[in-house]
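Scroll down for the structure; my scribbles are underneath it.
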Amino acid sequence: MNEVLMEILNLSKHFILDTNLFGKPTIVLKAVDDVSFTINKGEAFGLVGESGCGKTTLGKILVNLHSPTHGKIVFEGKELTALNDKQRRSYCKDIQMIFQDPYGSLNPRMTVGDIIAEPIIINQLLPANKVEERVIYLLNCVGLAQHQRNRYPHEFSGGQRQRVGIARALAVEPKLIVCDEAVSALDVSIQAQVLNLLVDLKKEFGLTYLFIAHGLNVVKHISDRVGVMYLGKMVEITSKRELYSNPLHPYTQALLSAIPIMNPEKKKERIILKGDVPSPINPPAGCRFCSRCFKELDQCKLKEPLLKQVSPNHWVACHLFE
Amino acid sequence: MLMEVKALSTEFKLKRGTVRAVDDISFTIDEGEILAIVGESGSGKSVTALSIMGLLQNPGRIAGGEILFKSQDLNKLSQKELQKIRGNRISMIFQEPMTSLNPVWRIKDQIMESIMTHMKVSQKEALARTIEMLDTVGIPSPAERANDYPHQMSGGMRQRVMTAMALSCGPDLLIADEPTTALDVTIQAQILELLYRMREKFGMAVLLITHDLGVVSEAADRVIVMYCGKIVEEADVKSLFARPLHPYTVGLLQSIPQIDDESDEPLYMIKGMVPNPLRMPRGCPFSDRCDRCLERCSQEMPKLQDVDGHKVRCFLYDVVSEGGHAQNE
Ligand SMILES: Nc1ncnc2c1ncn2[C@@H]1O[C@H](COP(=O)(O)OP(=O)(O)OP(=O)(O)O)[C@@H](O)[C@H]1O
Ligand SMILES: Nc1ncnc2c1ncn2[C@@H]1O[C@H](COP(=O)(O)OP(=O)(O)O)[C@@H](O)[C@H]1O
Ligand code: SF4
Ligand code: SF4
Ligand SMILES: [Mg+2]
Ligand SMILES: [Mg+2]
């Protein structure tokens, strides 16, 4: 049976962009708005959606880089959002994040060995004389060599820097890793190397992933279940097989149909959406997708559809399925 | 034939040595054809485009070769003569639209300026054409949005505005350098559809530069695969995807997760990484990563030769190889 590792309940993050004289918010950006889902132990949960839909913000809330405006996070039965700062911090090492930009996320003045050792020392995970051995072990795990220990990040390629970021995340023996566009910036030949590495490490260390990416083929390769976000909302959640063979939400359908396929003999029927993603500061009333939807009903502009279970393991937020 | 590039080489002289970013490449583009160039970052795609446009910045310079556009060598023209062709007969769109849009000018002023530089039209006609172009590329309420500044538009809209500007003088050749790389897939689909529609409507040729093989498969007629500044394979798009010949092309196609693949097998991996451009291997540039590397591969440079309707640079297809028999399979 699936054991729940993390439960996310009605989570929101609202950024206040402007206030009036009395400190009352006048412009509010709802980056993540009332999102609920669960992540099972040992699975890779894929999160897709277009730029600005709130994926990174959601990931950052889970690793405590943002505090949520509303909602609960329950991790291994413990409600993290009810803890005070000090108690919360003791859970930080269990949930790690790998970032898209391997350049920006590593300190350029530290050797890669020291970068990997730092979280071990800060969290006092090992006696001082055992740290070095562990650093070398981690370097090997991610496919780097012992002699590269004393090099600096700028001496590495993008793919190698991403490996260093992965080793640093692994150093504290996390249970959940949020991979935010971890392979998006890499060339295809290097992307395959890092994806295979992530799959191997997951098996070896019994890890759970929240895998954020906009590349749907990449998400499909690595994930067990997938959630689709649009303008701060979760619009569909299901197993990857079901999502790719039977997408229900019109946005998911458009997203899937937009992926170029690598077979020039087949010209694919394509749903070309009109317009752009609206601004999250002023999202359309009712269903947020209604300004671009090709199946819009009368009630769509009036009422917001809620995420509902339509078949075992398949959740969708759309008036077509009520 | 619209354009013929002959033995083009482009170099960057750096303190630590000379980078030959484009190394002896030759290709042609026919009227109305979409030719794609693919390759990983640093393989010389953008430098090829900038060389053609005469937009190389110091310390870059064309070290040799000819760029024949309608039989005229662009490389021999003065900047002033080039200017007449650029933006008129040949225009270019970039990955980041802000490199060609001026942030302090209204959209309409930028497009009108470009039209009036190249065509003999009145201000009124230029404005009418601007609005028509904005409409063609799918900007809603074009007459109003023409008054916007670039920052008031989304990334996808800016890309469309840049395309409108590039197309406003009806070029014969559009060079599009990663036109969809910074965009979301649903917007990418809109832009690709737009390029396709413009080709049908105006019959222009497109040199489409991308690292995304999915985009190539959807849009191109013919494909050039570059690796380390060299052409390693060239073929008709259908043939390239059905029967890739060069080990690098084969590896690339296999290492991409397929949307219709149901297996949980690990992805095929090309080992290692692209060599440092200052320390190129002596022989085949792919030799240190190639699964099928032969002894001579690290010693000599294979030639680009015709094999089964492809051009391919690899000793596996050498008809008279060292052993005296064909290794082609
Ligand atoms: N610190 C912040 N202050 C104000 N707004 C923010 C902040 N961080 C993010 N946002 C806004 O919240 C929304 C969601 O951003 P987020 O980075 O989560 O998107 P994303 O889904 O990760 O997009 P991408 O695919 O481009 O990485 C965006 O509109 C963004 O501009
Ligand atoms: N301004 C420059 N100065 C020095 N080297 C450059 C410059 N521009 C490009 N190069 C080098 O030329 C090679 C090809 O670059 P480019 O054409 O931009 O690659 P891409 O195929 O990613 O477009 C790379 O090795 C790059 O480092
Ligand atoms: S609720 Fe209506 S507008 Fe929204 S996705 Fe469904 S059909 Fe389209
Ligand atoms: S020439 Fe040799 S090393 Fe180069 S691609 Fe062919 S087999 Fe591989
Ligand atoms: Mg993000
Ligand atoms: Mg480039």
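Letters A, B, ... are given to chains in the order of the sequence lines, protein chains preceding strands, and every chain is numbered from 1. These numbers come from the heavy atoms of this one structure, side chains and all, not from hydrogens, waters or symmetry mates.
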Enumerate the inter-chain donor-acceptor pairs under 3.5 Å for chain A and chain B, one line per pair.
unit_1: A/Glu50; atom_1: OE1; unit_2: B/Thr186; atom_2: OG1; d: 3.4
unit_1: A/Glu50; atom_1: OE2; unit_2: B/Thr186; atom_2: OG1; d: 2.4
unit_1: A/Ser51; atom_1: N; unit_2: B/Asp184; atom_2: OD1; d: 3.0
unit_1: A/Ser51; atom_1: N; unit_2: B/Asp184; atom_2: OD2; d: 3.0
unit_1: A/Asp187; atom_1: OD1; unit_2: B/Ser41; atom_2: N; d: 3.1
unit_1: A/Asp187; atom_1: OD2; unit_2: B/Ser41; atom_2: N; d: 3.0
unit_1: A/Asp187; atom_1: OD2; unit_2: B/Ser41; atom_2: OG; d: 2.9
unit_1: A/Ser189; atom_1: OG; unit_2: B/Glu40; atom_2: OE1; d: 3.1
unit_1: A/Ser189; atom_1: OG; unit_2: B/Glu40; atom_2: OE2; d: 3.2
unit_1: A/Ser189; atom_1: OG; unit_2: B/Arg289; atom_2: NH2; d: 3.0
unit_1: A/Gln193; atom_1: NE2; unit_2: B/Ile270; atom_2: O; d: 2.6
unit_1: A/Gln193; atom_1: NE2; unit_2: B/Gly272; atom_2: O; d: 3.0
unit_1: A/Asn196; atom_1: OD1; unit_2: B/Leu267; atom_2: N; d: 3.0
unit_1: A/Asn196; atom_1: ND2; unit_2: B/Leu267; atom_2: O; d: 2.7
unit_1: A/Asn217; atom_1: ND2; unit_2: B/Pro257; atom_2: O; d: 3.1
unit_1: A/Lys220; atom_1: NZ; unit_2: B/Ile259; atom_2: O; d: 2.8
unit_1: A/Lys220; atom_1: NZ; unit_2: B/Glu262; atom_2: OE2; d: 3.2
unit_1: A/Arg241; atom_1: NE; unit_2: B/Glu262; atom_2: OE1; d: 2.9
unit_1: A/Arg241; atom_1: NH2; unit_2: B/Glu262; atom_2: O; d: 2.9
unit_1: A/Ile261; atom_1: N; unit_2: B/Glu218; atom_2: OE2; d: 3.1
unit_1: A/Ile261; atom_1: O; unit_2: B/Ser217; atom_2: OG; d: 2.6
unit_1: A/Asn263; atom_1: N; unit_2: B/Ser217; atom_2: OG; d: 3.3
unit_1: A/Lys267; atom_1: NZ; unit_2: B/Glu218; atom_2: O; d: 2.9
unit_1: A/Arg270; atom_1: NH1; unit_2: B/Glu218; atom_2: OE1; d: 2.9
unit_1: A/Arg270; atom_1: NH2; unit_2: B/Glu218; atom_2: OE1; d: 3.4
unit_1: A/Leu273; atom_1: O; unit_2: B/Gln190; atom_2: NE2; d: 2.6
unit_1: A/Gly275; atom_1: O; unit_2: B/Gln190; atom_2: NE2; d: 3.0
unit_1: A/Asp276; atom_1: OD1; unit_2: B/Ser154; atom_2: OG; d: 3.4
unit_1: A/Asp276; atom_1: OD1; unit_2: B/Arg160; atom_2: NH2; d: 3.3
unit_1: A/Asp276; atom_1: OD2; unit_2: B/Ser154; atom_2: OG; d: 3.2
unit_1: A/Arg292; atom_1: NH2; unit_2: B/Thr186; atom_2: OG1; d: 3.2

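With a threshold of 4.5 angstrom between heavy atoms, B/Pro140 does not approach chain A through any atom at all. For chain B, the nearby parts of A/Val218 are the backbone and the side chain; heavy atoms of each come within less than 4.5 Å. Using a 4.5 Å cut-off between heavy atoms, A/Ile272 contacts chain B through its side chain alone, with no backbone atom that close. At a 4.5 Å heavy-atom cutoff, the contact between A/Ile261 and chain B is made by backbone and side-chain atoms alike. In this structure, no portion of B/Leu183 lies under 4.5 Å from any heavy atom of chain A. Heavy-atom distances place the side chain of B/Leu252, and not its backbone, under 4.5 Å from chain A.
How far CG of B/Leu207 is from CD1 of B/Ile29: 4.5 Å, rounded to the nearest 0.5 Å. Of the inter-residue distances, the one linking A/Ile27 atom CD1 with A/Leu17 atom CG reads 6.5 Å to the nearest 0.5 angstrom. One distance of note links CD1 of A/Ile190 with CD1 of B/Ile270; it measures 8.0 Å at 0.5 Å rounding. Summarising the geometry, atom CD1 belonging to B/Ile209 is positioned 10.0 Å from atom CZ belonging to B/Phe94; distances are rounded to the nearest 0.5 Å. With values rounded to the nearest 0.5 angstrom, A/Leu320 atom CG is found 9.5 Å from A/Leu248 atom CG. In this structure, A/Leu216 CG and A/Leu243 CG are separated by 8.0 Å, a value rounded to the nearest 0.5 Å.
Between B/Leu267 and B/Pro257, the closest side-chain pair of non-hydrogen atoms falls below 4.5 Å. Between A/Leu255 and B/Val185 the shortest side-chain heavy-atom distance falls below 4.5 Å.
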Exercise. Check the pair A/Phe289 / A/Val235 against side-chain contact (heavy atoms from CB on, under 4.5 Å), numbers first and verdict last.
Key: CA-CA 9 Å; A/Phe289 187 57; A/Val235 298; over 6 Å; no

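Residue with the most contacts toward chain A among B/Leu240, B/Val216, B/Ile187, B/Ile139: B/Ile187 (heavy-atom pairs, distance under 4.5 Å). Between chain B and the options A/Gly143, A/Ala258, A/Gly275, A/Pro264, the largest number of non-hydrogen pairs under 4.5 Å is found for A/Pro264.
The nearest pair of heavy atoms linking B/Pro281 to B/Pro285 is CG-O, 3.9 Å.
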